[in-house]
Structures are given as C-alpha cells and as structure tokens.
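Please read the structure below before turning to the comments.
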Amino acid sequence: MQLSAFSAPGRFWRGNLHTHSTLSDGCLAPEEVCRRYAAEGYDFISLTDHFIGRYGYPIADTLPFRSNSFTTLLGAELHSGAMENGELWHILAVGLPQDFTAPNAPDFQPVAGQESGPELAARARASGAFVAIAHPHWSGLTLADARSITAAHSVEIYNHGCAIGCDREGGGHVLDLLLSEGRDLTLIATDDAHFTEPDHFGGWVMVKAEANDPELLLEALKTGAFYSSQGPEIRNVEIRDSEVFVESSAVASVIVQGRGQAALAVHGTSMTRTSVALDRFRGSPWLRVTVVDTAGKRAWSNPVRFENTATGN
Ligand SMILES: [Zn+2]
Ligand SMILES: [Zn+2]
C-alpha cells in the first residue's frame, strides 16, 4: 500500500500554512509576505493572522497577490476559550470563508462566556476549513486539551517560529498519543512566521495536486495527500508485506514510528531507497516515517492507519 501523497495524481506544491502580517502582530504587510514566499520558491501560502477583536478579526484578502506561479489559501489563526492551563486556544484554520463569523474574542486573554476552543474548531471545520492544533508544546497543551479538539484534521509536528523563539517546536508527542487512541489525524510543519526573528522558511508542507489551485490544495490537505519538511524530500512510502519502503532525497536516517515504544531507525550514507523491517510494528494500528539528512533537517510522512488498508485506501 502506497501513501496517498505518492499515489495521488499530480505533482507536489510547496506551501506554508501558518503566517502572520501587519494585519495582526507580524511586521510585514500581506503583499510583502506573499512576495517573499514566492521569491523563495514557495507555490502557495496561507496568511493566518490572529482572528481577535484587537485586530478587527482579520481574514487577509490575499487574492490580489495570486499569480500564474503562486497562490494563496484564505485562513486565520482562531482564538476563543481557555485551555486547561487557563490560556487562550490557538487553532489554525486554512481555507476559511471570508465571511466566517467572529467569536467574541477581544484579545489574547480568554473572557467569560465566550465560545470554547473545541466549538470554534468545529465551526471552522463545518465552514470548509482544514483545521490544525497549533504549536502544542508552545501552548502548554495537555492530552485532555488535544482530545477535546475533535474537529482537528491535523497537528503541528513542527512550528519553526516556536523552534527559533522558545525551543518549543513540537507536537509529535500529543499526535502519537491521539493516533494510538484511534484518532485519524495528519501532521503539518509550518513557519508561524511573524518576520520579527528568523522564524520563516523553516517548515513547510508538500501537497500533491493536479494544479496549484486553492480548492485542489485544500482538498488534498483534508485527504492527507501531502508530507511535511524542513528540507529533505520524500518521494515514496510504501507498506509491503515485511517492510516499509521509503524513497527520498539523500538522507542519513530513516525512522519509522508506531504506537507506544514502537520505533526503528535505519542509518546510512546518502540513502535514497531504504527498507525498514515491519516486524516491530505488527501490534501498532498506525505508523509514520521521518527522514533526517546530514544537516539534521527532517521530513515527515503522514501517518498510515492499518484499519484503512483493508478497504484498499
Ligand atoms: Zn499561535
Ligand atoms: Zn501563529
């Protein structure tokens, strides 16, 4: 069985799903943010400013910055309600309608009686958005918090701004726990760029679609036809009878992870076609693949759920 990112028709388009501008607390105007990402070779971005009253609930109109070689998905970082630690929810929503109804979220502090984070996430998903739990480590997210966002499509496994600004970059721990509870989730790497520090061009998604079209990209995000990267390319992941077969750009390690303590690494020099034995993962309902290059840059496949393989998906 081949992961959908590699079996789906089309080619890969590189995008950043989490970005801020002067419409909230970023320091570059939307046009300049789009210009820089296009100049760096990105095919698309989603400008996801903070959707709170302090900034007038912005959903950036990036349509004027689309070109023949660059597109945008409308989006926002949504906020309302308190997590278990009493702090405000941060939920990424890509593919939001421009008239998405604002919650009562005046500022970065929760206020009594406002919509909860799970309710807001559900409303975003119902409106057509791809919904992700943002920067779990930075937020101080608990497992109960993570469980409560039942509308999430995805979890940020890497947030470049949180790596640069506070060494709290990851979401793999809560992602793996939710996968082991049976949740059907993908993972994304993002920048969360504000351009206030070197918080840009560090983590992205490679989305498989037949054209660089917002609707096709959004659909591929929802179906999991993508992988995430800091640099390396993943060109194929196939689950075979006794092995996971991975094709990639030249990497130094290929690591397969599954439920609980299940993990196995193969190390080598300039590896591009790597087999990892499946034995260790027989009891795991899911697995995923990480590749690491000699510079320590990683790329991550989406998880494979074995329940789905029985149906040929
Ligand atoms: Zn945030
Ligand atoms: Zn953000």
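Positions are given from 1 along the sequence. No hydrogens, no waters, no symmetry mates; every other heavy atom, side chains included, goes into these values. Counting starts at 1 for both ligands and their atoms, in listed order.
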Once you round to the nearest 0.5 Å, how far does CD1 of Ile133 lie from CG of Leu92?
11.0 Å

Let me confirm one number: the OH-CD distance from Tyr158 to Gln230, rounded to the nearest 0.5 Å.
5.0 Å

Short of 2.8 Å from the Zn ion (ligand 1), name each protein N/O/S atom, waters not counted.
Glu77 OE2, His90 ND1, His135 NE2

Glu156 and His90 side chains, donor-acceptor separation under 3.5 Å:
no

Tell me whether Arg14 forms a cation-pi arrangement with Tyr37, defined as NZ or CZ under 6.0 Å from the six-membered ring centre and within 45 degrees of its axis.
no

Please check if atom CZ in Arg240 has more than 12 non-hydrogen atoms from other residues, nucleotides or ligands closer than 6.0 Å.
yes

Ion pair check, Glu32 and Arg35, cut-off under 4.0 Å:
yes

